[in-house]
Peer 1: 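Sharing a structure, written as structure tokens. Questions coming.
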Amino acid sequence: MNDSRQQFNDAVLYILGQIPKGKVTSYGKIAQLAGYPNHSRHVGQVLKHLPNDSKLPWHRVINGQGKISFPKDSAKYQVQSDRLKAENIIPLNDKINMKVYGWPQES
DNA sequence: GAGTTGACGGGCG
DNA sequence: CCGCCCGCCAACT
């Protein structure tokens, strides 16, 4: 019954772990890869449930606009931005170039 | 049990 | 280019 939900959750976590270092992806992309093209919001829901000490690179997930889905004044924003910068991912005007850092590779 | 929310995305004006 | 609206659907109140 609720297996589909659990499966979606598991798929998201798996994909999240497959994101190579120095690359980023969007919620919609993950949802699509998970087999649910329109569940972009739920991807965020899953990430929200992640523990703070999670080994998964949740910071490599941004929105389709190539921006961090947090208010600039938010602590989460600062952390994610700092982590991305630590992976040589430098956003321009608070926007990440998906053409360069995007994953999987878009054409 | 019913209504609202949300780590989003895409379309329209 | 920018802002508003609609859709999707589980989680939350």
Side-chain angles (χ1 to χ4, degrees):
Chain A
M1 320 195 254
N2 34 14
D3 290 348
S4 57
R5 181 186 65 78
Q6 179 62 46
Q7 189 174 356
F8 173 76
N9 184 294
D10 190 49
V12 171
L13 295 179
Y14 175 76
I15 295 170
L16 186 59
Q18 305 311 113
I19 304 175
K21 179 184 176 186
K23 300 277 183 158
V24 294
T25 191
S26 62
Y27 302 89
K29 219 60 158 203
I30 294 179
Q32 196 170 43
L33 293 174
Y36 295 79
N38 302 43
H39 289 56
S40 50
R41 296 185 105 146
H42 293 179
V43 176
Q45 199 87 16
V46 173
L47 297 186
K48 187 172 84 170
H49 267 253
L50 287 176
N52 299 308
D53 57 352
S54 179
K55 182 65 187 68
L56 296 174
W58 59 270
H59 54 272
R60 293 178 190 154
V61 184
I62 58 178
N63 59 26
Q65 304 170 45
K67 297 190 295 189
I68 298 175
S69 301
F70 286 110
K72 293 177 301 182
D73 57 337
S74 175
K76 295 285 187 77
Y77 181 95
Q78 300 295 338
V79 174
Q80 186 169 6
S81 180
D82 186 59
R83 284 201 178 190
L84 291 176
K85 192 166 63 176
E87 296 190 355
N88 204 28
I89 300 175
I90 311 300
L92 185 59
N93 289 341
D94 298 328
K95 308 178 199 93
I96 298 174
N97 191 336
M98 295 294 288
K99 294 293 185 181
V100 178
Y101 304 104
W103 181 90
Q105 297 188 333
E106 309 178 17
S107 58

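Numbered from 1 within each chain, the chains take letters A, B, ... in sequence-line order.
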Peer 1: Rounding to an integer number of Å, can you tell me how far A:Gln32 CD sits from C:dC9 C1'?
Peer 2: 17 Å

Peer 1: Counting only heavy atoms not in A:Asn88 (residues, nucleotides, ligands), do more than 12 fall under 6.0 Å from its CG?
Peer 2: no

Peer 1: How many Å lie between NZ on A:Lys48 and P on C:dC12, as a whole number?
Peer 2: 7 Å

Peer 1: Please report, rounded to the nearest Å, how far the C1' atom of B:dG6 is from the NE2 atom of A:His39.
Peer 2: 14 Å

Peer 1: In this structure, is the centre-to-centre distance between the rings of A:His39 and A:Phe8 below 6.0 Å?
Peer 2: yes

Peer 1: Could you give the CG-to-P distance, from A:Leu50 to C:dA11, as a whole number of Å?
Peer 2: 14 Å

Peer 1: Mind checking A:His59 for me? I need base, sugar-phosphate or nothing, with any heavy atom below 4.0 Å counting as a touch.
Peer 2: nothing

Peer 1: Nearest whole angstrom, please: distance from the P of B:dG10 to the NZ of A:Lys29.
Peer 2: 8 Å

Peer 1: Using whole Å, report how far NZ of A:Lys67 lies from P of C:dC1.
Peer 2: 12 Å

Peer 1: Just wondering, more than 12 heavy atoms not from A:Gln78 lying within 6.0 Å of its CD?
Peer 2: yes

Peer 1: Measure the spacing between CD1 of A:Ile96 and NZ of A:Lys67 and express it to the nearest 0.5 Å.
Peer 2: 11.5 Å

Peer 1: Partner of C:dA10 by Watson-Crick or G-U wobble geometry, both contacts under 3.5 Å, or none?
Peer 2: B:dT5

Peer 1: Roughly, in whole Å, what's the span from CG in A:Asn38 to C1' in B:dC8?
Peer 2: 11 Å

Peer 1: Within this structure, what is the OH-to-C1' distance between A:Tyr27 and C:dA10, rounded to whole angstrom?
Peer 2: 17 Å

Peer 1: What's the closest nucleotide to the side chain of A:Ser40 if the choices are C:dA10, B:dC8, C:dC12?
Peer 2: B:dC8

Peer 1: Measuring from the side chain of A:His42 (C-beta onward, heavy atoms only), which nucleotide among C:dC8, C:dA11, C:dC9 has the closest atom?
Peer 2: C:dC9

